[in-house]
Trainee: 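Structure below; questions to follow.
Within every chain, numbering begins at 1; the chains are lettered A, B, ... in the order of the sequence lines, protein sequences first and strands thereafter.
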Amino acid sequence: MDEFQSGEETSFVVDEVSNIIKEAIESAIGGNAYQHSKVNQWTTAVVEQTLSQLTKLGKPFKYIVTCVIMQKNGAGLHTASSCFWDNTSDGNCTVRWENKTMYCIVSAFGLAI
Amino acid sequence: MEEFHPHNDEMTFNAEEAHSIVKECIEGILGKVDYNHNKVNQWTATIVEQSLTHLVKLGKTYKYIVTCAVMQKSGAGLHTASSCFWDTTTDGTCTVRWENRTMNCIVNVFAIAVVL
């Protein structure tokens with residue numbers, strides 16, 4: 001009996017996810033300057049686009065995507081995350097992006113079902 | 001034949017319980033201090049680690065993700081959003097916002113049920 005093993009289908013591929021996130025950021029806030037009235041829309045657009053592209057990959061994963069946008073103003077921002085999961089199958093990927101007026105940090109976590 | 005029905009409490013995320021666990025952790029670590037650039041990394045790491053340890057001690061069959069952001073108060077705008085693709089009946093999230101005179105702290109807890 002042949003067993004079809006497809007290792008690629010069931011692991012969290014960091015590079016693939018990183019590209020998805022970068023595209024989502026570029027398309028949502030690419031050429032824009034920080035604008036208080038639009039930021040809520042932007043963070044929502046980034047997480048939603050990222051999540052829908054991730055689910056389109058069709059892998060048996062649950063996903064969590066978080067996005068932080070901060071105006072460049074000299075303030076310090078520190079973030080940390082800690083995860084209790086299965087090291088062999090779960091993974092995460094964080095993308096840091098900036099332009100002249102703001103920072104954007106997107107984290108995607110994938111947990112195997 | 002009797003059917004054994006598993007206790008539902010074990011498989012739903014109790015957001016209030018998580019909220020108070022995290023709040024205590026933040027208070028314990030940031031309660032009496034002002035923003036200090038040299039120490040912030042230590043603080044965020046300790047907050048996530050302690051919160052995670054307490055959550056795991058609850059003994060439920062969940063995977064957890066805890067994230068923490070600490071920002072100096074300086075008038076800058078900060079916006080965060082998160083989106084999750086999971087099982088809405090068993091998985092859940094909880095966010096704790098805390099602040100003092102010199103900084104803002106936001107901790108997110110995501111809990112994913114493990115199906116054995």
Side-chain angles (χ1 to χ4, degrees), chain A residues 24 28 34-52 54-57 59 61-87 89-90 92 94 101-113, chain B residues 35-58 60 62-88 90-91 93 95 102-115:
Chain A
Y34 182 87
Q35 250 181 283
H36 176 73
S37 52
K38 293 213 171 150
V39 169
N40 268 338
Q41 243 173 282
W42 291 339
T43 48
T44 308
V46 171
V47 293
E48 283 176 7
Q49 197 177 320
T50 305
L51 195 60
S52 75
L54 286 170
T55 53
K56 279 190 188 155
L57 295 175
K59 298 188 177 182
F61 275 89
K62 292 182 178 177
Y63 295 103
I64 293 167
V65 181
T66 65
C67 168
V68 176
I69 291 182
M70 185 169 98
Q71 191 180 16
K72 274 190 174 177
N73 152 324
L77 172 73
H78 293 255
T79 66
S81 68
S82 195
C83 311
F84 179 73
W85 58 23
D86 181 342
N87 277 334
S89 55
D90 305 331
N92 77 317
T94 302
T101 54
M102 55 189 170
Y103 293 106
C104 176
I105 301 166
V106 178
S107 286
F109 301 89
L111 296 103
I113 297 176
Chain B
Y35 182 86
N36 181 335
H37 175 72
N38 297 321
K39 296 212 172 151
V40 165
N41 269 337
Q42 242 173 283
W43 292 337
T44 49
T46 313
I47 290 172
V48 293
E49 282 167 19
Q50 261 187 34
S51 303
L52 194 59
T53 309
H54 284 110
L55 287 166
V56 170
K57 278 192 188 153
L58 295 174
K60 301 190 176 179
Y62 273 91
K63 294 180 178 179
Y64 295 101
I65 293 170
V66 182
T67 66
C68 168
V70 173
M71 188 172 96
Q72 189 180 17
K73 274 191 174 176
S74 78
L78 174 76
H79 294 254
T80 70
S82 67
S83 194
C84 311
F85 178 72
W86 58 24
D87 181 341
T88 51
T90 54
D91 305 332
T93 175
T95 303
T102 54
M103 53 189 169
N104 285 305
C105 176
I106 301 169
V107 176
N108 280 313
V109 175
F110 300 94
I112 317 282
V114 179
V115 181

Trainee: If contact means a heavy atom pair closer than 4.5 Å, which residues of residues 62-72 of chain A contact chain B?
Mentor: A:Lys62, A:Tyr63, A:Ile64, A:Val65, A:Thr66, A:Cys67, A:Val68, A:Ile69, A:Met70, A:Gln71
Trainee: By a 4.5 Å heavy-atom criterion (distance strictly below it), what part of B:Val56 contacts chain A: side chain, backbone, both, or neither?
Mentor: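 For B:Val56, the side chain is the part near chain A, not the backbone.
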Trainee: Donor-acceptor pairs under 3.5 angstrom involving side-chain atoms of residues 101-113 of chain A: please list them, not counting sequence neighbours.
Mentor:
| from | atom 1 | to | atom 2 | distance (Å) |
| --- | --- | --- | --- | --- |
| A:Thr101 | OG1 | A:Tyr34 | N | 2.9 |
| A:Thr101 | OG1 | A:Asn99 | OD1 | 3.3 |
| A:Ser107 | OG | A:Thr94 | OG1 | 3.2 |

Trainee: Of all of B:Val66, B:Leu55, B:Thr44, which one pairs up most often with chain A through heavy atoms under 4.5 Å apart?
Mentor: B:Val66
Trainee: Determine the option with the most heavy-atom pairs under 4.5 angstrom with chain A, choosing from B:Val114, B:Val115, B:Asp91.
Mentor: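 Among B:Val114, B:Val115, B:Asp91, the one with the most close pairs to chain A is B:Asp91.
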Trainee: Counting a contact as any heavy-atom pair under 4.5 Å apart, which residues of residues 73-86 of chain A contact chain B?
Mentor: A:Asn73, A:Gly74, A:Ala75, A:Gly76, A:Leu77, A:His78, A:Thr79, A:Ala80, A:Ser81, A:Ser82, A:Cys83, A:Phe84, A:Trp85, A:Asp86
Trainee: If we define contacts as heavy-atom pairs under 4.5 Å, which of A:Asp90, A:Leu54, A:Thr44, A:Val46 has the most with chain B?
Mentor: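 Looking at each of A:Asp90, A:Leu54, A:Thr44, A:Val46 in turn, A:Asp90 comes out on top.
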Trainee: Of all the residues in residues 102-112 of chain B, which have a heavy atom that comes within less than 4.5 Å of a heavy atom in chain A?
Mentor: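 The list, in residue order, reads B:Phe110, B:Ile112.
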